[in-house]
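Note that ligands are numbered from 1 as they come in the structure, with each ligand's atoms numbered from 1 the same way.
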Amino acid sequence: MIETADAEPEYDDTAIRFLEALWGEGYLSPGGPDEVDRVVEGLSLKGKTILDIGCGAGGVTLHLVATHRAARATGFDVERPVIETARRRAAAQGLEDRVSFVQAPPGPLPFTGSSFDVVFSKDALLHVPDKDALFAEIFRVLKPGGVFAASNWMIGHDAEPSLEMKAYVAAEGLSFAMASPARYAEAMRRAGFTGIAVRDRNPWYREVAREELARLKGPLYAKAAAAVGAAYVDKNIKTWEAMQKVLDSGEHRPTHLRGWKPVG
Ligand SMILES: C[S@@+](CC[C@H](N)C(=O)[O-])C[C@H]1O[C@@H](n2cnc3c(N)ncnc32)[C@H](O)[C@@H]1O
């Protein structure tokens, strides 16, 4: 077997420590368990099998099992540090028998067809450039009658991003491939999803992000600086300031998505 080295991780141990200081243990995206609950609102996950795409440090995956009583959850991510962190968190919570974490390179999902009742994702799909291939894969691994439910960071349009948006994405320094809610819905339709629902979360996150920035500059600064160093926190304060501009303009558009794989 040929061993291939992992690419340099974007979510390395320092990024994980910083984001967890801001968003809570196991969470690399905003809103904590309450926002996860809103993504799956009205769905019963009890006894279901779940795939969590872009699971990061595992907090979301573990919440879906521990609180929503899914039978089993599989967290999938392309990066090693987040998967190692997620496995430690599962062990600490005694959930290893119901949760597994899988790392594989970007591309086709490393799962057989029709194997999950629910495919979930939280703020990870923006990293995947080919939206049509992504949804064809999500559709393939869902069981007939299964549901896809996600939150994702999007851009409000598919035209050239504004200078403010370009400055924000550059400040993040991450591999963002943002697309509009309409582009995502179109990719879902092409894959075969029905009952597609799109919910704008910009009004919520633009206020939450303002509070995050205030905490970073104020009460959280010393704790975050102790975890990752002051320079890292200062850089992220600049990123949050750039992000706030495009949240306030509406161009940065966190969005919930939902759709169903038809039974027959
Ligand atoms: C903002 S973090 C969110 C993590 C987690 N869902 C959460 O909410 O805490 C984005 C995650 O997407 C992962 N990611 C990036 N590209 C991916 C891909 N092609 N497939 C799956 N996950 C990917 C990253 O490694 C990272 O863990």
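- Every atom of ligand 1 with a heavy atom of Glu79 under 4.0 Å away is listed here by number and element: 25 (O).
- The protein heavy-atom contact nearest to atom 7 (C) of ligand 1 is Ser29 OG, 3.6 Å.
- Looking only at atom types and distance, the side chain of Glu164 has no donor-acceptor partner in the side chain of Ser249 under 3.5 Å away.
- Comparing Asp123, Leu28, Leu125 against atom 10 (C) of ligand 1, the shortest heavy-atom distance belongs to Asp123.
- Classification of the Trp240-Trp23 ring pair by plane angle, with boundaries at 30° and 60°, yields tilted.
- Residue Tyr27 has at least one heavy-atom neighbour below 4.0 Å for each of these atoms of ligand 1: 9 (O).
- Checking Tyr168 against Lys245 by side-chain atom types alone, no donor-acceptor pair falls below 3.5 Å.
- By the criterion of a heavy-atom distance under 4.0 Å, the side chain of Val128, and not its backbone, is placed next to ligand 1.
- Among the candidates Asp158, Asp200, Asp248, the single residue satisfying the salt bridge (charged side-chain N to carboxylate O under 4.0 Å, His left out) test with Arg253 is Asp200.
- Between His127 and ligand 1, no N or O atom pair is found at a separation short of 3.5 Å.
- Residue Lys122 has at least one nitrogen or oxygen atom sitting less than 3.5 Å from a nitrogen or oxygen atom of ligand 1, judged on distance alone.
- Looking only at atom types and distance, the side chain of Thr239 has no donor-acceptor partner in the side chain of Glu172 under 3.5 Å away.
- Of the options Leu109, Asp130, Val78, the smallest heavy-atom separation from atom 17 (C) of ligand 1 is shown by Val78.
- Between Arg38 and Glu35 there is a salt bridge, since at least one side-chain N of the basic residue sits less than 4.0 Å from a carboxylate O of the acidic one.
- When non-hydrogen atoms are compared, ligand 1 lies under 4.0 Å from the side chain of Phe76 (C-beta onward) but not from its backbone.
- For an aromatic pair to be called close, the ring centres must be under 6.0 Å apart, and His63 with Phe120 fails this.
- Taking the six-membered ring where the residue is Trp, the centroids of Phe135 and Phe148 are separated by under 6.0 Å.
- Considering only non-hydrogen protein atoms, atom 12 (O) of ligand 1 sits nearest to Ala124 CB, 3.3 Å.
- Only the backbone of Cys55 comes within 4.0 Å of ligand 1, counting heavy atoms alone; no side-chain atom from C-beta on gets that close.
- Contact annotation: for Tyr11 versus ligand 1, heavy atoms closer than 4.0 Å belong to the side chain alone.
- Between Trp153 and Tyr205, a ring centre-to-centre spacing shorter than 6.0 Å is recorded.
- Of the candidates Leu126, Ile16, Asp77, it is Asp77 that places a heavy atom closest to atom 24 (C) of ligand 1.
- When only non-hydrogen protein atoms are considered, atom 22 (N) of ligand 1 lies nearest to Gly54 CA, 3.3 Å.
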